Amino acid sequence: MVLVDPDRRWAEVGYWLFESARGAGRGGEALIMFTTWALRDLGMQRLFARTHGDNPASGRVAERAGYDMAGTLDDGIQVWVRDVGP
C-alpha cells in the first residue's frame, strides 16, 4: 500500500510489473487477491489506485479487479476506487 489512513479505513494500492511479465493477466490476478485480502481481512472500506492516462493497460488492471474510475486529475492521472461490498 502506498498511502493508508487507518481512521478512515482506506488505502492506496500501487502495482508495477517487469516488462517480461506484462500482458499475461498476472497484474490483474495479483490486484484481485490483494484487494480481496485488504477489504475482507484488514477491514479496509475503500481502496484506490492512480494510473497514468498514457498507460491504458494499467487502468485495465484496475478495472479487472473491480475498481471504478472516479475521475481524472488535472495532470492526467486517473483515479480508481473499490469499496467494500455489502
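None of the values given here were measured: they were computed from a predicted structure.
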For this session: Please collect all side-chain hydrogen bond (donor to acceptor under 3.5 Å, both in side chains) contacts where either partner lies in residues 40-49, sequence neighbours excluded, each pair once.
Result: R46-D83
For this session: Work out which heavy atom in Q78 is nearest to a heavy atom in G53; give both atom names and the distance.
Result: CD-CA, 4.0 Å
Exercise. Same hydrophobic cluster for Y15 and M44, using side-chain heavy-atom links shorter than 4.5 Å among ILVMFWY?
Worked result: yes
For this session: For N55, enumerate each residue passing the side chain to side chain contact (heavy atoms under 4.5 Å, CB included) test, keeping only those at least two apart in sequence or located in another chain.
Result: H52, A57, S58
Exercise. Looking at residues at least two apart in the chain, or sitting in another chain, which of them share a side chain to side chain contact (heavy atoms under 4.5 Å, CB included) with I32?
Worked result: E29, T36, A65
Seminar exercise, completed: CZ of R82 to CG of L47, rounded to nearest 0.5 Å, is 8.0 Å
Problem set entry | Non-neighbouring partners of Y67 that pass ring-ring contact (aromatic ring centres under 6.0 Å, His included), sequence neighbours left out | none
For this session: Only counting residues at least two apart or in another chain, list the ones meeting ring-ring contact (aromatic ring centres under 6.0 Å, His included) with W10.
Result: F48
Seminar exercise, completed: Taken in chain and number order and not counting sequence neighbours, the residues that satisfy side-chain hydrogen bond (donor to acceptor under 3.5 Å, both in side chains) with R9 are none
Exercise. Given W80, which of D68, T51, V13 fulfils the side chain to side chain contact (heavy atoms under 4.5 Å, CB included) condition?
Worked result: T51
Taking only distance into account, with no hydrogens and no angle test, what donor-acceptor pairs under 3.5 Å do side-chain atoms of residues 69-77 form with protein atoms, sequence neighbours excluded?
{"unit_1": "D75", "atom_1": "OD1", "unit_2": "I77", "atom_2": "N", "d": "3.1"}

